[in-house]
Amino acid sequence: MKKFIGIFILVAISLNLSAQTSKVYDPNANAQEAIEKAVKQAKNEGKHIFLQIGGNWCPWCIKFHRFVDSNAEIKNFVDANYVVVKVNYSKENKNLEILKSLDYPQRFGFPVFVVLDKNGQRIHTQNSAYLEEDGSYSPKKVLLFYKQWSPEALNPANYED
């Protein structure tokens, strides 16, 4: 009986920890303020802003967050080149004004990614389905996406003769 109770407690703790870690998006966050703060940081650090738009209700949104966090090469590249803002979309807070200002990225489903330059101007919207492979995200496709929209990739000096 004690063994059964011990197993039950371990399962309950595991489920509780799993539920806590899947709270990637904050429905109460002020997305406009977060983006404005990210623009200031991006200007200071010479980075772009990566908006990860989705919700805690979305398994692919949570999967992407975990995928990036668990891949050291991708995470290091993102940290070096982007200021990340997670923009919530849920029944509690759809952030419709933000999405309108970004030309309605939700048309691609969720998660959807928007890249802003250091001044907060939208330079790309990415349908996340193109980054998927074999029931997950492709490390090669995701890293290539980040590299192609990084500040270095868009530096005009790289393309002068």
Side-chain angles (χ1 to χ4, degrees), residues 15-71 74-156:
L15 290 173
N16 186 38
L17 289 174
S18 175
Q20 288 174 357
T21 58
S22 49
K23 300 297 181 200
V24 173
Y25 299 88
D26 181 359
N28 299 313
N30 183 322
Q32 184 62 46
E33 284 180 8
I35 293 169
E36 289 170 5
K37 182 179 176 185
V39 168
K40 288 178 185 173
Q41 182 180 346
K43 282 181 182 179
N44 289 336
E45 298 176 7
K47 296 180 178 182
H48 282 166
I49 299 129
F50 179 73
L51 303 180
Q52 183 178 325
I53 305 168
N56 295 320
W57 54 269
C58 168
W60 280 94
C61 302
I62 304 304
K63 187 181 279 195
F64 186 80
H65 169 77
R66 289 181 179 159
F67 172 83
V68 171
D69 271 4
S70 68
N71 185 308
I74 294 172
K75 179 141 179 55
N76 290 337
F77 189 85
V78 170
D79 290 346
N81 291 279
Y82 295 91
V83 177
V84 177
V85 177
K86 293 181 178 78
V87 178
N88 181 73
Y89 181 92
S90 67
K91 63 183 178 182
E92 298 86 8
N93 184 0
K94 293 183 179 182
N95 281 301
L96 293 177
E97 285 303 310
I98 295 291
L99 299 179
K100 179 180 177 183
S101 74
L102 299 169
D103 294 327
Y104 309 100
Q106 69 267 40
R107 68 188 181 274
F108 296 115
F110 298 97
V112 62
F113 312 128
V114 177
V115 180
L116 308 177
D117 68 13
K118 66 181 178 183
N119 298 311
Q121 298 300 305
R122 183 176 61 88
I123 55 176
H124 183 67
T125 301
Q126 178 69 41
N127 180 337
S128 65
Y130 295 124
L131 305 176
E132 296 173 13
E133 187 173 80
D134 298 327
S136 185
Y137 289 99
S138 162
K140 183 178 178 180
K141 291 178 185 179
V142 171
L143 186 58
L144 182 61
F145 159 70
Y146 279 123
K147 285 182 176 181
Q148 289 177 332
W149 294 101
S150 69
E152 183 66 19
L154 297 176
N155 182 347

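Model, not experiment: these values are computed from the prediction.
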Atom of [X], atom of [Y] and distance for their closest heavy-atom approach:
| X | Y | value |
| --- | --- | --- |
| Y104 | R107 | O-NH1, 2.9 Å |
| P139 | I74 | O-CD1, 3.8 Å |
| N93 | P27 | ND2-O, 2.9 Å |
| F110 | I53 | CD2-O, 3.6 Å |
| A31 | N95 | CB-OD1, 3.5 Å |
| Q148 | A153 | O-CB, 3.6 Å |

State the [atom1]-[atom2] distance between [X] and [Y], to the nearest 0.5 angstrom.
| X | Y | atom1 | atom2 | result |
| --- | --- | --- | --- | --- |
| L116 | I35 | CG | CD1 | 6.5 Å |
| S90 | N56 | OG | CG | 7.5 Å |
| H48 | N81 | NE2 | CG | 9.0 Å |
| N88 | Y25 | CG | OH | 8.5 Å |
| E97 | L102 | CD | CG | 11.0 Å |
| I49 | K43 | CD1 | NZ | 9.0 Å |

>> Going by the rule ring pair (Phe, Tyr, Trp, His ring centres under 6.0 Å), which residues pair with Y82 if we only count those two or more places apart in sequence or in a different chain?
In response: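 Scan of Y82 (ring pair (Phe, Tyr, Trp, His ring centres under 6.0 Å), adjacent residues dropped) gives Y146.
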
> Mind checking what makes ring pair (Phe, Tyr, Trp, His ring centres under 6.0 Å) contact with F64, not counting sequence neighbours?
Replying inline: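 Partners of F64 by the ring pair (Phe, Tyr, Trp, His ring centres under 6.0 Å) criterion, ordered by chain and then number, come out as F113, Y137.
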
>> For D103, give me all partners under salt bridge (charged side-chain N to carboxylate O under 4.0 Å, His left out), at least two apart in sequence or on another chain.
In response: R122

Mark yes or no for whether [X], through its side chain, and [Y], through its backbone, hold a donor-acceptor pair below 3.5 Å.
| X | Y | answer |
| --- | --- | --- |
| W57 | Y89 | yes |
| N30 | Q32 | yes |
| S128 | P111 | yes |
| N71 | F67 | no |
| H124 | V114 | no |

Only pairs at least two apart or in different chains count here, so list each salt bridge (charged side-chain N to carboxylate O under 4.0 Å, His left out) that has a residue in [range].
| range | answer |
| --- | --- |
| residues 24-35 | none |
| residues 74-91 | D69-K75, K75-D79 |
| residues 52-64 | none |

> Tell me, do V85 and F50 make a side-chain contact under 4.5 Å, heavy atoms counted?
Replying inline: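 Heavy-atom side-chain distance check fails, nothing below 4.5 Å.
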
> Do the non-hydrogen side-chain atoms of Q126 and L131 ever get within less than 4.5 Å of each other?
Replying inline: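 Contact flag for Q126/L131 side chains = yes.
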
> Between S150 and E152, is any side-chain donor less than 3.5 angstrom from a side-chain acceptor?
Replying inline: no

> So L154 and I123, side-chain contact (heavy atoms from CB on, under 4.5 Å) or not? Walk me through it.
Replying inline: CA-CA 10 Å; L154 297 176; I123 55 176; 3.5 Å; yes

> Near K141 NZ, under 6.0 Å, is it more than 12 heavy atoms from other residues, nucleotides or ligands?
Replying inline: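 More than 12 heavy atoms, drawn from other residues, nucleotides or ligands, come within 6.0 Å of this atom.
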
